[in-house]
Amino acid sequence: MQVWDLEMIYKSLIEKYRKNLAVSDKTPVISLHEGDTPLIPAVNLVKEFGFNGEIYFKFEGMNPTGSFKDRGMTLAVSKAVEAGSKAVICASTGNTSASAAAYAARAGIKCIVLIPEGKTALGKLSQAVIHGAEVLEIYGNFDDALNLVKELSCKYPLTLVNSVNSFRIEGQKTAAYEICENLHQSPDYQFIPVGNAGNITAYWKGYKDYNKTEPKKYALPKMMGFQAAGSAPIVEGHPIAEPETIAAAIRIGNPASWKAAEEARDASGGVIDKVTDEEILEAYRIVAVTEGIFCEPASASSIAGLIKYIRRGYFVNIEPVKVVCILTGHGLKDPNIAFVNAAKPRKVKTNISDIINVIGF
Ligand SMILES: *Cc1c(COP(=O)(O)O)cnc(C)c1O
């Protein structure tokens with residue numbers, strides 16, 4: 001098959017939304033077929049909770065490196081290459097490094113990654129190393145790592161590809177475009193995990209772009225952001241020095257896009273609230289068991305938030321609503337957490353009667 005045949009089938013995220021992204025004909029497009037992720041109706045969850053409306057999962061775990069980070073990374077790395085950069089650098093709880101490493105490999109440039117010591121899920125770390133990134137574990141947390149890479153990128157010829165790089169946010173806003181395209185309208189509510197708060201900022205930007213095209217059809221959704229209780233700086237109103245949660249991707253004590261996230265919350269009439277690790281794990285299991293979707297724990301914080309609000313009667317006495325829950329990353333990123341939170345495989349003897357005994361037929 002010729003390359004141009006493939007181009008007919010797939011348009012890179014940058015090609016598809018070229019008009020809305022800061023690219024020109026001179027921008028080299030570094031793509032791994034990111035975006036165009038499924039919007040999956042939550043048929044069983046709606047029944048289980050007797051929900052008055054529709055729930056959809058935007059499964060961003062289906063991006064090439066298994067998280068939404070690829071949407072921003074395709075643009076950030078393409079612009080870095082356009083600017084002549086020979087190396088990108090980032091701080092990461094895992095997914096940013098996996099994505100940066102893959103896109104840097106594709107572009108043929110270097111990738112340097114700073115991660116908090118001993119905290120990164122093996123799935124994510126294995127991606128960064130196999131793509132050839134220089135991975136440095138620091139004796140500190142994500143916030144320390146981010147401060148270091150900010151300083152390094154100021155002093156040395158290294159392009160910072162954390163979400164403080166505005167191209168990351170620009171690329172990530174395309175997920176909101178896709179939701180509007182799929183639903184032929186905007187949702188009423190969007191539930192989303194909040195870590196460094198770049199993604200909630202990006203979606204808000206995307207919805208505002210679409211709103212300008214047809215304000216009635218694409219009315220602005222309420223942005224419902226959720227932090228983990230042990231690392232909820234925006235909810236508590238101050239940075240958290242030692243953030244803790246099993247949802248590693250949102251274990252962030254001082255979000256870079258704090259102000260922009262509050263702006264999205266306030267302008268949309270939404271909330272930024274917190275969910276406990278127990279609530280996150282419950283939601284993580286529920287979506288896996290009832291819908292067949294395996295997301296990572298940080299992603300499940302959006303579902304945990306939705307369940308919390310359903311249980312507290314937030315949606316009672318209103319018209320049926322359309323809700324989109326963003327599932328930011330794939331469950332295979334962190335299989336250990338699945339394994340310790342589910343029934344273990346049972347050992348049986350190699351014969352039919354023992355198997356029938358165990359499965360109870
Ligand atoms: C990065 C990430 C988040 C947090 O997104 P922010 O933009 O930092 O708020 C949530 N879930 C997953 C899986 C992530 O990789």
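Indexing begins at 1, ligand by ligand and atom by atom, following the structure's order. Just so we're clear, the structure is a prediction, and the values are computed from it rather than from any experiment.
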Please determine whether any non-hydrogen atom of S163 lies less than 4.0 Å from an atom of ligand 1. no
Nearest protein heavy atom with distance in Å, relative to [atom]:
atom: atom 8 (O) of ligand 1; result: N196 N, 2.7 Å
atom: atom 12 (C) of ligand 1; result: T328 OG1, 3.2 Å
atom: atom 1 (C) of ligand 1; result: K69 NZ, 1.4 Å
atom: atom 5 (O) of ligand 1; result: F68 CZ, 3.4 Å

Interfacing atoms of ligand 1 (cut-off 4.0 Å, heavy-atom, [X]):
X: G329; result: 13 (C)
X: E296; result: 13 (C)
X: A298; result: 11 (N)
X: G198; result: 6 (P), 7 (O), 9 (O)
X: G195; result: 4 (C), 6 (P), 8 (O), 9 (O)

Location of contacts on [X] toward ligand 1, heavy atoms closer than 4.0 Å:
X: K333; value: neither
X: N199; value: both
X: I250; value: side chain

For [X] and [Y], which I'm curious about, is there any donor-acceptor pair between the side chains at under 3.5 Å?
X: S31; Y: S12; answer: no
X: Y56; Y: N182; answer: no
X: Q172; Y: K205; answer: no

Contact between L114 and D144 at the side-chain level, heavy atoms closer than 4.5 Å - yes or no? no
Lys/Arg-Asp/Glu bridge criterion (N-O < 4.0 Å) met for [X], [Y]:
X: R311; Y: E282; value: yes
X: R18; Y: E15; value: yes
X: E296; Y: K124; value: yes
X: R71; Y: E178; value: yes

Sort and list the pairs that fulfil side chain to side chain donor-acceptor pair (under 3.5 Å) and have at least one residue in residues 244-253, not counting sequence neighbours. K119-E244, T245-D277
